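Everything numeric in this text was worked out from a predicted model, so none of it was measured. Any value given below was found using the heavy atoms of this structure, including those in side chains, with hydrogens, waters and symmetry copies removed.
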Amino acid sequence: MPEFDEATAVRWDAVVPAVAGATGVAHGHLDEGWVIGHAINGGVLMATATSAASEVLSAVGHPDVLTWGAHFLSAARPGPLEVDLEVLRVGRGASTATVRLRQPEGDGLVERVHVTGTFGTLDRAEPVHRAPAPPSMPDPDSCVPALRDSSPVATAIVMLDRLDVRVDPATIGFAVGRPSQRGVIRAWLRMADGREPDAALLPYVVDAFMPVSFDLGVPGWAPTMELTGQVLGRPAPGWLLAELTTDTVVGDLLIEDAAVWDSAGRLVARSRQLAGVRVPAN
């Protein structure tokens, strides 16, 4: 099993019927190979939640996440995971479910993330009537690999061992102390073990990169408070191209937008998140 699929797999205590009001519990394990610092990457958590709901709702012909919203409540750690799911609605064209990911802590369970998503079929995403073209950037071999030994910050991103990320040279000035201040990072991405992209991978991909605040000269990680995403197509095999942008930083809050294109140049996912930042005093 590919590393990503193993990381996001869950085991249900019992079969959950795909009917409104149905609930179910599943269990998984968060592997230390997906941490950034001491916390599990939020994209892995979102993909775990949406994949669990997709597994249930596929029974009514709604196997694909179309849109989801995630609120991050506490930092997830490597270890056991409980998945609590409730089917909110089952419709002809789409169904909605909510998923809570919780972990043992002390004498109880602590909620890590709360995800609500709407699911359907990406067959409805054809044909493409209007969508932005991918940005112009060098091919992956002409871009800069993001490696764990490239900087002290990267050393703590254990998840990089699972990925092959190539950053556009025009947007990697932050790595050598010369951020462009434009608030843009572009990069290619594929899984290091050769797993091809699919719709289930996209909730992870939109949150798999370094925060765009790096390009503003803001050091340190930017923890996500809330992220809303949309899946707009099944990606073709090969590299994914992502562009992260921001035009809003107020106080210690940042809004980051992500767009993801597949190897055929089709826009396959978008997201917007509110994150926390620590802007240095001038």
Asker: Is there a path of hydrophobic side-chain contacts, each under 4.5 Å between heavy atoms of I, L, V, M, F, W or Y residues, that connects L274 with V115?
Answerer: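 L274 and V115: separate clusters.
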Asker: Any non-hydrogen side-chain atom of T67 less than 4.5 Å from a side-chain atom of T118?
Answerer: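 Result yes, sub-4.5 Å side-chain heavy-atom pair found.
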Asker: Give a yes or no on this: more than 12 heavy atoms of other residues, nucleotides or ligands lie within 6.0 Å of atom CZ of R270.
Answerer: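 Not buried by this count: 12 neighbours or fewer within 6.0 Å.
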Asker: Between D193 and R162 (salt bridge meaning N to carboxylate O under 4.0 Å), is one present in this structure?
Answerer: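 No salt bridge links D193 with R162.
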Asker: Less than 4.5 Å apart, side chain to side chain, heavy atoms only: is that true for D207 and S271?
Answerer: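 Not in contact.
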Asker: Under 4.0 Å between a Lys/Arg side-chain N and an Asp/Glu carboxylate O for D123 and R234?
Answerer: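 So D123 pairs with R234 through a salt bridge.
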Asker: Treating T48 as the side-chain partner and V44 as the backbone partner, does any N or O pair qualify as donor plus acceptor under 3.5 Å?
Answerer: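 Confirmed, T48 side chain pairs with V44 backbone.
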Asker: Indicate yes or no: does E126 engage R266 in a salt bridge with an N to O separation below 4.0 Å.
Answerer: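 So E126 pairs with R266 through a salt bridge.
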Asker: Please verify the inter-ring angle class for F4 with Y204; under 30° counts as parallel, over 60° as perpendicular, anything in between as tilted.
Answerer: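 Aromatic pair F4/Y204 classed tilted.
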Asker: Looking at R166 and D139, is there a salt bridge between them, counting it only when a charged N and a carboxylate O are closer than 4.0 Å?
Answerer: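 Here D139 does not pair with R166 in a salt bridge, since their nearest N and O are not under 4.0 Å apart.
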Asker: Would D84 and R100 pass as an ion pair if we require N to O under 4.0 Å?
Answerer: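 Salt bridge flag = no for R100 with D84.
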Asker: Where the side chain of R102 meets the backbone of V83, is there a donor-acceptor pair that is under 3.5 Å apart?
Answerer: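 Answer holds: no.
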Asker: Flag the pair L240 / P197 as yes when at least one side-chain heavy-atom distance between them is below 4.5 Å, and no otherwise.
Answerer: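 A side-chain contact exists here, since the closest heavy-atom pair is under 4.5 Å.
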Asker: Would you kindly confirm whether L122 and W68 end up in one hydrophobic cluster when ILVMFWY residues are joined by side chain heavy atoms under 4.5 Å apart?
Answerer: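 In one cluster with L122: W68, yes.
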Asker: Quick one: does D215's side chain have a donor or acceptor within less than 3.5 Å of a partner on G183's backbone?
Answerer: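 Confirmed, D215 side chain pairs with G183 backbone.
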Asker: Please report the C-alpha distance between R112 and E105 in whole Å, then the side-chain angles of each, then the deciding distance to 0.1 Å, and finally whether the salt bridge (charged side-chain N to carboxylate O under 4.0 Å, His left out) criterion is met.
Answerer: CA-CA 11 Å; R112 301 308 193 192; E105 189 170 297; 3.0 Å; yes
Asker: Tell me whether V56 shares a hydrophobic cluster with V99, the cluster being built from Ile, Leu, Val, Met, Phe, Trp, Tyr side chains joined at under 4.5 Å.
Answerer: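 Yes, V56 and V99 fall within the same hydrophobic cluster.
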Asker: Honestly curious: do L189 and I36 fall in one hydrophobic cluster under the side-chain, below-4.5 Å linking rule?
Answerer: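 Result: yes, single cluster for both.
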